[in-house]
Amino acid sequence: MTSADLVLPPTDQQTPTAALLQAPDAQALEMAIGDMHVLLEQHGYVVAVYPTGIAPAHERRLYSVRSVLESDRIALLKVDLPPLGVAVLVRQLRQLSICDFSPGVVASAARLLSHYIHAGALLNSVTKFDRVPVDLRTHAKSWVPGSQFAVVAGPEPQLVKVGPKADPPTGPEFATHLMIAKGQSQSEWVKQTLAPAWQVQSIHEAALPSDSPAWWGTGKLVEFAAYLPDISILYQLVSSVRRENCHWCGMDLIGDRCGFCSFPLPAAESRMHSAGVLSQGAPAPPQS
């Protein structure tokens, strides 16, 4: 992981923590290479997850370390989720890492699991928000004192102006837990309105990731992410997808792209085995 505040507490005593891959201004290249070498010696493989908003120099550092080590056992996964959604996804991968899945399956499962994370935020303004298309009328409304907007970035973008007569954004059609991280906003709308509407089974709170204000365009927010918490459901979900072998590096994978070398599964095989899973939608989660 590239930021300590994206490492959520483990769900149980078996869930491992995550290693921190520090930015260039916090660690010399030689030290970063040494740390990665130790991780490979201890664990065999490294699955490094980082958000799309990472500093370019930090991303280059990750590729430099892998290049210097000349290792095909390092997966670099760039995830297009809001910061709290990334943290939730990383914890799910940590849960799966203790199962009987190969490193290749764990790495490629990141794209699958992202489809089941409903990540969004309650914002006091969308004037500087550009992650979801916002029309001029909505921008104008954001200048009205007291305005609030519920935004869902994924899996399907949504933006709703919060009000007594407005319905909340459409939520997941399966049982989830809800993670909440408060910024400068102290609104209880997410707990009192969104959570009941989404029929979440449990609500948890976390510290707001340091990158969240920049990602959402404002510090006056409450970030949230609905997710599948049960490792048995995650296990069944990943197990339900057919496994393939990467034609380039030989790693196991699910879906249409290798998590380690990013080599795509040939189109014919992808259509035959993976259609409707990662490229055209995701399978329904198993019922507990």
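A donor and an acceptor atom, one from each side chain of W189 and Q148, are nowhere located under 3.5 Å apart. In summary, the side chains of T127 and S125 do present a donor paired with an acceptor at a separation below 3.5 Å, with no hydrogens or angles considered.
A donor-acceptor contact shorter than 3.5 Å is absent between the side chain of Q158 and the backbone of P169. A donor-acceptor contact shorter than 3.5 Å links the side chain of Q92 to the backbone of L228. Within the 3.5 Å criterion, the main-chain N or O of R94 finds a donor-acceptor partner in the side chain of S97. Judged by distance alone, the side chain of R91 and the main-chain N or O of P9 form a donor-acceptor pair under 3.5 Å. Listed for the H58 side chain is a donor-acceptor partner under 3.5 Å among the backbone atoms of Q22. At least one donor-acceptor pair closer than 3.5 Å links the side chain of R61 to the backbone N or O of Q27. The backbone N or O of I254 sits less than 3.5 Å from a side-chain atom of S108, completing a donor-acceptor pair. Judged by distance alone, the side chain of D5 and the main-chain N or O of S210 form a donor-acceptor pair under 3.5 Å.
Heavy atoms only, all atoms of each residue included: C261 and C246 are closest at SG-SG, 3.5 Å. Nearest heavy-atom pair, V65 versus L29, reported as atom, atom and distance to 0.1 Å: CG2-CD1, 4.1 Å. Scanning both residues, M1 and V86, for their nearest heavy atoms gives CE-CG1, 4.1 Å. Nearest heavy atoms, M179 versus L8: CE-CD1, 4.0 Å. Residues P213 and G219 approach most closely at CB-CA, 4.0 Å, considering heavy atoms. When all heavy atoms are compared, the tightest approach of L234 to Q95 is CD1-OE1, 3.5 Å.
Note that CD1 of I231 and CD1 of I233 are 11.0 Å apart. Values are rounded to the nearest 0.5 Å.
Using a 4.5 Å heavy-atom cutoff, the side chains of W216 and V151 are in contact. Proximity of L76 to E59: side-chain heavy atoms (C-beta onward) are nowhere separated by under 4.5 Å. Counting heavy atoms from C-beta outward, N245 and L253 have side chains that stay 4.5 Å or more apart. Considering only heavy atoms from C-beta on, V160 stays 4.5 Å or farther from D167 through its side chain. The side-chain heavy atoms of Y45 and S102, taken from C-beta on, include no pair separated by under 4.5 Å.
A continuous path of hydrophobic side-chain contacts links V241 to L89 [ILVMFWY only; heavy atoms under 4.5 Å]. Under a hydrophobic-cluster definition in which Ile, Leu, Val, Met, Phe, Trp and Tyr are linked whenever side-chain heavy atoms come within less than 4.5 Å, directly or via other members, V162 and V152 are assigned to the same cluster. F174 and L113 fall within the same hydrophobic cluster, defined by Ile, Leu, Val, Met, Phe, Trp and Tyr side-chain heavy atoms under 4.5 Å apart, directly or through other members. Grouping the Ile, Leu, Val, Met, Phe, Trp and Tyr side chains by contacts below 4.5 angstrom, directly or via other members, places V190 apart from F149.
Annotation: Q42, atom CD; neighbour count of heavy atoms from other residues, nucleotides and ligands within 6.0 Å is above 12. Counting heavy-atom neighbours within 6.0 Å of Q199 CD, excluding the residue itself, gives a total of 12 or less. Open room surrounds NZ on K220; 12 or fewer heavy atoms of other groups in view lie less than 6.0 Å from it.
When the side chain to side chain donor-acceptor pair (under 3.5 Å) test is applied to Y63, no partner is found at least two apart in sequence or on another chain.
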Under the side chain to side chain contact (heavy atoms under 4.5 Å, CB included) criterion, do V90 and L6 qualify, and how do the steps go? CA-CA 8 Å; V90 168; L6 297 181; 5.8 Å; no

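The aromatic rings of W198 and F224 sit perpendicular to each other, their planes meeting at more than 60°, with 30° as the lower class boundary.
Sorted by first then second residue, the salt bridge (charged side-chain N to carboxylate O under 4.0 Å, His left out) pairs that include residues 190-217, not counting sequence neighbours, are K191-E205.
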